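In what follows, a structure is listed as structure tokens, so that the remarks can point back to it.
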Amino acid sequence: MSQRITIDPITRIEGHLRIDCEIDGGVVTKAWSSGTMWRGMEEILKGNDPRDAWMIVQRICGVCTSIHAIASVRAVENAIGAKVPVNAQYIRNLIIAAHNIHDHIVHFYQLSALDWVDITAALEANPQKASDMLKGVSTWSLNSADELTKVQGKIRALVASGQLGIFANGYWGHKAMKLSPEVNLIAVAHYLQALECQRDANRIVAILGGKSPHIQNLAVGGVANPINLDAPSVLNLERLLYVKSFIDRLGEFIEQVYKVDAAIIAAHYPEWLALGQGAKHYLSVPELPTDGEGGSFLLPGGYIENGDLANYRPIDSHQDAWLMDGIAESNKHAWYKDDEPLKPWEGKTEPDYTGWQDDGKYSWVKSPTFYGKVVEVGPLADLLVKLAAMHPGTVAHFKQLNGIYQALTGSAIKTEQLHSTLGRIIGRSVRCCVLKDTLYHQWQALIDNIGKGDVTAYIKAEIPADKEFRGVGFEEAPRGMLSHWVVIKGGKIENYQAVVPSTWNSGPRNFNDEPGPYEQSLVGTPVADPAKPLEVVRTIHSFDPCMSCAVHVVDTQSGDVTRVKVL
Ligand code: NFE
Ligand code: MG
């Protein structure tokens with residue numbers, strides 16, 4: 001007899017996500033992913049100066065704020081052919097890298113670790129034994145027995161108080177939890193230390209961007225940071241050295257803690273290398289442009305079909321016509337009209353709420369496709385594409401992580417095993433290492449360029465009112481490929497669509513009734529206790545859902561949207 005479970009809401013994510021599963025014989029046989037929250041940004045953008053759009057659209061999300069802002073200025077710059085000074089690219093790149101690192105650290109430790117770590121079991125650990133386990137793989141000073149003893153004391157006090165606070169409502173003691181008490185203790189210690197380190201990443205964003213979340217320093221045509229190494233109150237040497245101090249601290253945490261922990265978690269749950277496979281088609285875009293035209297990038301992008309890395313197709317530019325032509329969104333199973341796929345510049349967002357229909361409409365998230373295919377975006381796509389491209393940093397960091405895994409398990413992770421729940425977790429850790437390297441690189445590039453006497457960070461961009469423009473801004477965001485599409489007429493915004501990473505991954509069945517990546521990834525997952533579906537949550541969390549991004553609904557044309565009543 002099959003059984004239906006509904007998890008609503010999924011917690012430790014951003015926004016409102018409902019997951020339904022049909023379970024038969026202890027295994028998920030069918031799944032539905034539904035964005036249950038309606039938002040509307042549309043009327044605000046309509047008729048605005050395109051140069052202001054970034055400030056508005058970064059309110060799509062409080063998590064990946066600067067990401068939307070940068071995608072937006074890129075879209076407008078692309079539309080009008082604006083050049084961007086290299087200093088501005090470097091400053092934006094530092095913000096992108098720091099922001100992504102922040103996001104990944106928070107995901108691994110604060111949002112998903114508790115799916116694998118049993119906090120209360122850490123009480124049985126021997127702190128000295130735990131500390132000894134890390135000798136040889138990590139030089140992190142806070143792995144000492146003293147430090148771990150202190151952390152154990154904190155947990156003991158929490159448990160004794162009967163109020164687990166931030167650790168309340170976990171699946172403690174669940175059969176699917178497999179870490180030893182010592183590894184649980186290490187993970188809790190790093191959970192707490194990560195709260196400090198993620199702040200360092202955000203400080204980099206705040207110093208360069210004016211504040212975080214929601215940076216203030218962008219402009220179509222560059223950035224608004226006045227550069228003068230010797231003057232007060234501008235981007236000067238003191239501030240740049242301050243940024244560097246945070247890069248150094250972050251770098252150590254990522255190398256000595258995050259990379260090691262990702263390998264240790266994987267080594268204790270190797271069965272999750274065979275579970276959670278999503279769409280098996282992967283898309284990512286090149287990121288961190290190093291010239292004013294956006295023609296060369298530090299990190300490669302590409303497309304992989306059917307998981308076949310040998311047939312990977314590189315994407316070298318954000319203006320790649322093949323990339324742009326392949327993207328469409330459809331609404332057959334989403335609560336909007338226009339079931340047929342539409343290209344983003346022609347995209348519409350007219351609501352059509354029907355209530356939940358298993359075989360009809362059941363989500364506010366649209367279904368994006370690439371040449372008609374359901375594709376996964378995000379850290380796993382990013383990892384596979386970069387491995388296929390033989391990106392040296394990615395290859396080296398993955399090898400190192402895999403070395404720790406192999407030392408613990410006796411065998412190495414094979415590339416084919418990365419199409420999995422653990423593949424996403426490993427992908428994020430490797431990506432964090434790579435981005436940390438780019439922080440050093442871009443910081444030095446900025447210093448060197450300013451040292452040559454170039455302090456230009458902005459070139460004023462004019463938008464002629466007598467022409468119509470179309471532009472697209474791509475970005476490799478923490479959850480994957482993001483694109484903003486703008487149509488400009490009479491100097492004002494005529495249409496604006498964002499095709500967002502979590503929309504790609506959390507989308508419902510598409511116009512061919514093919515399930516989206518979340519939905520595909522759940523089929524075949526064993527569920528030990530349907531009343532505590534920890535296994536389902538593990539895989540969904542591995543995508544790091546952000547539903548306010550996924551259901552942003554940015555459309556400037558349909559006035560109807562503001563009159564709809566939801567649920
Ligand atoms: Ni709201 Fe986002 C990222 C974007 S979304 S977090 O990363 O773009 O899916
Ligand atoms: Mg959209």
Side-chain angles (χ1 to χ4, degrees), residues 10 12-17 33 35 37 39 41 53-54 56-75 92 95-108 110-112 198 201-202 205 212-215 218 278 283-285 287-288 299 301 318 327 329 344 363-368 375-383 424 427-428 431-432 435 472-486 496-508 516-518 540-554:
I10 297 263
R12 292 207 182 226
I13 64 163
E14 198 298 320
H16 300 57
L17 173 66
S33 160
M37 173 185 61
R39 305 178 73 226
M41 308 277 293
W54 67 271
I56 301 167
V57 294
Q58 71 171 334
R59 266 72 189 178
I60 285 173
C61 183
V63 175
C64 59
T65 62
S66 45
I67 299 304
H68 287 289
I70 292 173
S72 179
V73 292
R74 283 179 178 173
R92 290 180 187 180
I95 290 174
I96 291 170
H99 174 87
N100 276 259
I101 287 171
H102 172 268
D103 202 289
H104 293 337
I105 291 175
V106 169
H107 176 265
F108 184 77
Q110 274 73 50
L111 301 183
S112 74
Q198 53 93 21
N202 242 341
V205 177
S212 179
H214 298 125
I215 54 174
L218 286 186
L283 192 53
S284 78
V285 283
E287 192 46 273
L288 307 183
L299 305 174
H318 287 184
I327 297 172
E329 289 187 303
S363 179
W364 286 111
V365 182
K366 293 181 175 184
S367 300
V375 308
E376 175 170 341
V377 300
L380 174 54
D382 192 73
L383 173 62
R424 292 182 197 99
R428 211 172 270 107
R431 177 170 152 78
C432 219
L435 288 169
V472 59
F474 282 99
E475 187 159 356
E476 189 65 9
R479 287 157 197 76
M481 183 188 76
L482 167 69
S483 52
H484 280 215
W485 306 72
V486 65
Y496 200 103
Q497 290 277 323
V499 185
V500 182
S502 289
T503 313
W504 284 96
N505 287 340
S506 75
Y518 285 13
I540 292 299
H541 275 169
S542 73
F543 288 94
D544 194 8
C546 175
M547 305 316 289
S548 71
C549 274
V551 200
H552 55 279
V553 189
V554 180

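Not measured: the values here are computed from a predicted model. Numbering of ligands and ligand atoms starts at 1, following listing order. Heads up: numbering here begins at 1 and tracks the sequence.
- When only modelled atom types and interatomic distance are considered, N100 and R431 share a side-chain donor-acceptor pair under 3.5 Å.
- Without hydrogens or angle criteria, Q58 side chain to I215 main chain gives a donor-acceptor distance under 3.5 Å.
- Numbered from 1 in the order shown, with element, the atoms of ligand 1 that lie under 4.0 Å from a heavy atom of L482 read 8 (O).
- When hydrogens are left out, the protein atom nearest atom 2 (Fe) of ligand 1 is C64 SG, 2.3 Å; that is the closest non-hydrogen contact.
- Put simply, C546 gets within reach of atom 1 (Ni) of ligand 1, with an N, O or S atom under 2.8 Å from it.
- Using a 4.0 Å cut-off to heavy atoms of V500, the atoms of ligand 1 that qualify are 4 (C), 5 (S), 8 (O), 9 (O).
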Would D382 and S284 satisfy side-chain hydrogen bond (donor to acceptor under 3.5 Å, both in side chains), going step by step from the backbone distance to the final call? CA-CA 6 Å; D382 192 73; S284 78; 4.6 Å; no

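- The N/O atoms of P478, backbone and side chain alike, include one that comes under 3.5 Å of an N/O atom in ligand 1.
- H102 and Q198 share a side-chain donor-acceptor pair at under 3.5 Å.
- W485 and F474 have perpendicular rings, their planes meeting at more than 60° on a 0 to 90° scale where under 30° would count as parallel.
- Note on C61: not counted as a metal contact of atom 2 (Fe) of ligand 1, no N/O/S atom lying under 2.8 Å.
- Ranked by closest heavy atom to atom 7 (O) of ligand 1, the top entry among R479, M547, Q58 is R479.
- Within ligand 1, the atoms closer than 4.0 Å to a non-hydrogen atom of H68 are 4 (C), 8 (O), numbered from 1 in the order shown.
- Set against the non-hydrogen atoms of S502, the atoms of ligand 1 under 4.0 Å away are 5 (S), 9 (O).
- For ligand 1, the atoms sitting less than 4.0 Å from at least one non-hydrogen atom of C549 are 1 (Ni), 2 (Fe), 4 (C), 5 (S), 6 (S), 9 (O), numbered in the order shown with element in parentheses.
- Stacking of R424 on the aromatic ring of F543 is recorded, both the 6.0 Å distance cut-off and the 45° axial limit being met.
- Side-chain atoms of E14 come within 3.5 Å of backbone atoms of S548 as a donor-acceptor pair (strictly under, hydrogens ignored).
- Looking at E14 against ligand 1, nothing comes within 4.0 Å, counting heavy atoms.
- Salt-bridge annotation for R74 and E476: absent, with no side-chain N of the basic residue lying under 4.0 Å from a carboxylate O of the acidic one.
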